[in-house]
Amino acid sequence: MKTLNIIETAYRATLEEQDDPVVWIIHAMKGAGAEQSVLLRANAVNYAVKTQGAPPLAFGTRAQKHGPRLADAIGALPGKGVPVYLLSDDLADRGVEIGEILPNLLLIGRAELPQLLDRYDRVWHW
């Protein structure tokens with residue numbers, strides 16, 4: 001069964017876990033043989049920006065020195081056979097230029113969503 005994972009809520013648990021749990025589970029499910037795809041929309045389109053990063057964070061004496069590397073996690077998916085779609089309308093709404101995003105990602109417009117959704121047996125919205 002083909003599953004499309006729509007990731008809309010960005011930076012969920014990224015400081016505690018050093019990654020987005022949804023992106024992590026997609027990597028794990030693909031590794032177990034599941035047929036996965038990703039659509040980044042709303043604030044999650046920022047995951048595809050090459051130069052994004054999270055500087056170290058400290059609370060009192062406790063320091064989180066290893067921030068999330070979400071662009072790396074997203075950028076690795078196409079190489080594993082996981083198509084990653086970006087909603088171009090949401091990129092434009094956030095002022096993200098095409099030259100700022102990772103290579104090998106697939107841009108689609110909001111008007112193309114019905115056709116994309118129709119190609120999948122399951123759609124999970126995160």
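Note that this is a predicted model, so its numbers are computed, not measured.
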Fill in: Single-linkage hydrophobic cluster, 4.5 Å side-chain cutoff, W124 and L116 together
no

Discussion item. Quick check: closest heavy atoms across D121 and M1, and the distance to 0.1 Å?
Written reply: OD2-CA, 3.3 Å

Discussion item. Do L87 and I108 make a side-chain contact, defined as non-hydrogen atoms from C-beta onward lying under 4.5 Å apart?
Written reply: yes

Worksheet entry | Distance-minimising heavy-atom pair for D20 and T9 | OD2-O, 4.3 Å

Discussion item. To the nearest 0.5 Å, what is the distance between CD on E35 and OG1 on T3?
Written reply: 8.5 Å

Fill in: Closest heavy-atom pair and its distance - Y47, V23
CE2-CG2, 4.1 Å

Fill in: Hydrophobic cluster membership, L117 vs L39, 4.5 Å side-chain cutoff
yes

Discussion item. Please identify which of these residues, L40, L91, L70, V96, meets the side-chain contact (heavy atoms from CB on, under 4.5 Å) condition with N46.
Written reply: V96

Worksheet item: In the single-linkage hydrophobic clustering (I, L, V, M, F, W, Y; side-chain heavy atoms under 4.5 Å), do I7 and M29 co-cluster?
Response: yes

Item to complete: Could you pull out the closest heavy-atom pair between K30 and K80, with the gap in Å?
Response: CE-O, 2.9 Å

Response to the item:
So NE2 of H125 and CD of E8: to nearest 0.5 Å the spacing works out to 4.0 Å

Discussion item. Are V45 and L113 linked, directly or through intermediate hydrophobic residues, by side-chain heavy-atom contacts shorter than 4.5 Å (ILVMFWY only)?
Written reply: no

Worksheet, complete the sentence: Here the pair of heavy atoms bringing H27 nearest to A76 is CE1-CB, 3.9 Å

Fill in: Side-chain heavy atoms of L102 within contact of V84, under 4.5 Å
no

Worksheet item: I6, L77: one ILVMFWY side-chain cluster at the under-4.5 Å cut-off?
Response: no

Fill in: Close side-chain approach of I98 and L107, heavy atoms under 4.5 Å
yes

Discussion item. Would you compute the distance between atom CG of L105 and atom CG of L86 and round it to the nearest 0.5 angstrom?
Written reply: 5.0 Å

Discussion item. To check you understand the geometry: which heavy-atom pair defines the closest contact between P78 and G75, and what is its length?
Written reply: CD-O, 3.4 Å

Worksheet item: Is there a donor-acceptor pair closer than 3.5 Å between any side-chain N or O of K50 and the backbone N or O of G99?
Response: yes

Item to complete: Kindly indicate whether the side chain of N43, heavy atoms from C-beta on, has any atom under 4.5 Å from the side chain of R94.
Response: yes

Discussion item. Between R110 and D90 (salt bridge meaning N to carboxylate O under 4.0 Å), is one present in this structure?
Written reply: yes

